[in-house]
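We use all heavy atoms of the structure for the numbers below, so side chains are in, but hydrogens, waters and symmetry mates are not. Here, residue 1 is the first one in the sequence, and each next residue gets the next number.
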Amino acid sequence: VLLPLQFDHISPASADRIAVALGEKYGYMSSAFEWVIQPQWETADDFHHHAACVSDGSEISVIDENGKKLISIPDSSEKRVFISEYIAVYDESKKTIALMNRSGKVVLCLDNAIIDIEAQVNDGLLPIGIAHTSKIDYGYLNLDTGDVTIDQQWHEIENYEDGFAIVCCAKNERYGVGDTNGDYIIEPKYSVISRIEEVNGIYFETEIAAEDGQHHYIFNSFGEEVQ
């Protein structure tokens with residue numbers, strides 16, 4: 001068993017796999033610091049849903065927990081990979097999303113796609129936009145089911161966190177909070193919404209302008225006003 005002090009970089013444990021750099025190459029170790037996948041890549045991400053994204057400088061691959069390649073694509077700074085039950089590859093230069101299963105078969109292609117630099121897969125949902133001539137429709141790509149939901153009423157969307165996402169309605173440019181079913185727990189009528197995480201739960205602080213000034217309200221994750 002090697003000691004952690006011998007390594008150049010150690011990532012937090014993820015699914016009993018730790019990305020470790022030895023010299024200039026990355027591999028994966030178990031939580032007992034035993035090699036599971038030998039160092040061979042220039043970059044190695046954490047495991048999610050029993051898969052991880054790695055690169056040898058010329059090729060990006062998604063591997064399983066034993067190092068078997070699930071998919072491989074040419075490496076490029078223009079490409080981003082998102083992993084859940086399905087694997088999404090976004091080509092920023094071509095504005096395309098290819099959704100693949102674990103065998104590498106493409107099951108869905110989206111053109112004119114936009115993915116924000118801060119977009120993440122949470123609760124299996126990836127926020128995306130589809131560009132048209134005069135507007136952008138926003139929605140979510142479900143990497144657990146392979147479904148996509150584009151809602152023309154959204155003007156702006158954020159990442160899901162713990163089952164909730166802050167969204168902006170295109171019709172009135174007001175903010176609300178939606179759940180993973182696409183239902184509002186807080187209707188889109190506020191000028192500002194921010195998320196607050198407390199020990200006893202998740203809350204949303206809202207602000208709305210009125211003739212007599214700014215009004216502030218606090219809602220819990222059930223959409224109930226608590227202040």
Side-chain angles (χ1 to χ4, degrees), residues 12 14-15 45-46 48-49 80-90 92 95 97 99 108 110-132 134-227:
S14 173
D45 293 344
D46 293 337
H48 298 284
H49 292 266
R80 297 164 62 193
V81 178
F82 301 89
I83 298 173
S84 193
E85 295 300 322
Y86 287 85
I87 300 164
V89 178
Y90 176 54
E92 188 172 3
K95 303 300 181 187
I97 301 173
L99 186 67
L108 177 69
L110 296 173
D111 296 324
N112 303 315
I114 297 171
I115 297 182
D116 188 80
I117 190 63
E118 297 182 357
Q120 298 177 354
V121 180
N122 291 321
D123 301 310
L125 297 167
L126 174 67
I128 65 172
I130 300 296
H132 301 281
S134 59
K135 64 172 183 173
I136 300 174
D137 292 334
Y138 290 93
Y140 292 90
L141 178 59
N142 192 321
L143 269 65
D144 287 344
T145 65
D147 298 324
V148 59
T149 301
I150 300 295
D151 198 323
Q152 296 182 10
Q153 70 173 324
W154 288 333
H155 174 69
E156 181 182 335
I157 58 177
E158 296 186 5
N159 293 316
Y160 270 92
E161 291 186 59
D162 300 314
F164 305 103
I166 297 173
V167 298
C168 179
C169 181
K171 184 180 293 186
N172 59 7
E173 295 190 354
R174 297 291 181 175
Y175 291 88
V177 177
D179 62 18
T180 53
N181 295 319
D183 298 323
Y184 287 117
I185 66 161
I186 300 175
E187 291 295 323
K189 61 181 183 180
Y190 300 95
S191 53
V192 176
I193 295 184
S194 57
R195 180 188 176 97
I196 305 170
E197 294 191 20
E198 300 286 353
V199 175
N200 61 341
I202 300 169
Y203 297 88
F204 298 93
E205 182 177 8
T206 68
E207 178 181 302
I208 187 168
E211 291 183 0
D212 58 346
Q214 302 290 334
H215 293 255
H216 297 265
Y217 305 92
I218 303 292
F219 294 89
N220 61 22
S221 58
F222 297 101
E224 300 167 337
E225 185 180 341
V226 295
Q227 180 179 324

*asked:* Donor-acceptor check, side chain of D123 to backbone of G163, threshold 3.5 angstrom: yes or no?
replied: yes

_Y184 vs V167, side chain to side chain contact (heavy atoms under 4.5 Å, CB included): CA-CA, chis, key distance, verdict_ = CA-CA 9 Å; Y184 287 117; V167 298; 3.7 Å; yes

*Determine yes or no for a side-chain-to-main-chain donor-acceptor pair under 3.5 angstrom, with Y90 supplying the side chain and F82 the backbone.*
no

_With a 3.5 Å distance limit and no angle check, can you tell me whether Y160 reaches the backbone of Q120 through a side-chain donor-acceptor pair?_
no

*Is the closest side-chain heavy-atom distance between D45 and V81 below 4.5 Å?*
no

*From I166 atom CD1 to S194 atom OG, the distance as rounded to the nearest 0.5 Å*: 7.0 Å

*To the nearest 0.5 angstrom, please state how far the SG atom of C169 sits from the NZ atom of K189.*
13.0 Å

*Exercise: identify the closest heavy-atom pair between L110 and V148*: CD1-CG2, 4.3 Å

*Do I150 and I128 have side chains that get closer than 4.5 Å, going by heavy atoms?*
yes

*Any sub-3.5 Å donor-acceptor pair from N159's side-chain atoms to E118's backbone N or O?*
yes

*Which pairs with one or both residues in residues 196-207 pass side chain to side chain donor-acceptor pair (under 3.5 Å), sequence neighbours excluded?*
R195-E197, N200-Y203

*Evaluate the side-chain proximity of R174 to S191: yes if any heavy-atom separation is below 4.5 Å, no if none is.*
yes

*Less than 4.5 Å apart, any side-chain heavy atom of P188 and any of Y175?*
no

*Please report the closest heavy-atom contact between I186 and G223, naming both atoms and the distance.*
CG1-CA, 4.3 Å

_Just checking F204 against Y190, ring centres under 6.0 Å apart?_
no

_CD1 on I130 to CD1 on I114, rounded to 0.5 Å_ = 8.0 Å

*Pairwise distance CG(D111) to NZ(K95) - rounded to 0.5 angstrom*: 12.5 Å

_Y217 and F219 aromatic ring geometry - parallel, tilted or perpendicular at 30°/60° bounds_ = tilted

*asked:* Would E85 and H49 count as a side chain to side chain contact (heavy atoms under 4.5 Å, CB included) here? Give the steps.
replied: CA-CA 7 Å; E85 295 300 322; H49 292 266; 3.2 Å; yes

*Separation of D137 CG from Q153 CD (nearest 0.5 Å)*: 11.0 Å

*With sequence neighbours left out, what residues match N172 under side-chain hydrogen bond (donor to acceptor under 3.5 Å, both in side chains)?*
none

*Kindly give the heavy-atom pair with the smallest separation between Y140 and A165, and that separation in Å.*
OH-CB, 3.4 Å

*So do the side chains of L108 and L141 get within less than 4.5 Å of each other, counting heavy atoms only?*
yes

*Would you find a donor on one side and an acceptor on the other, under 3.5 Å apart, between the side chain of N122 and the backbone of L125?*
no

*Show your reasoning for whether side chain to side chain contact (heavy atoms under 4.5 Å, CB included) applies to L99 and L143.*
CA-CA 8 Å; L99 186 67; L143 269 65; 4.2 Å; yes

_Using only atom types and a distance under 3.5 Å, with no angle test, would you say the side chain of N181 pairs donor to acceptor with the backbone of D183?_
no

_Set of side-chain hydrogen bond (donor to acceptor under 3.5 Å, both in side chains) partners for D144, sequence neighbours left out_ = S84

*asked:* Show the nearest heavy-atom pair for residues P127 and I157, with the distance to one decimal.
replied: CB-CD1, 3.6 Å

*What heavy-atom pair brings I97 and A88 nearest, and what distance separates the two atoms?*
CG2-CB, 4.3 Å

*Write down the atom of Y138, the atom of E156, and the distance for their closest heavy-atom approach.*
CD1-N, 4.2 Å

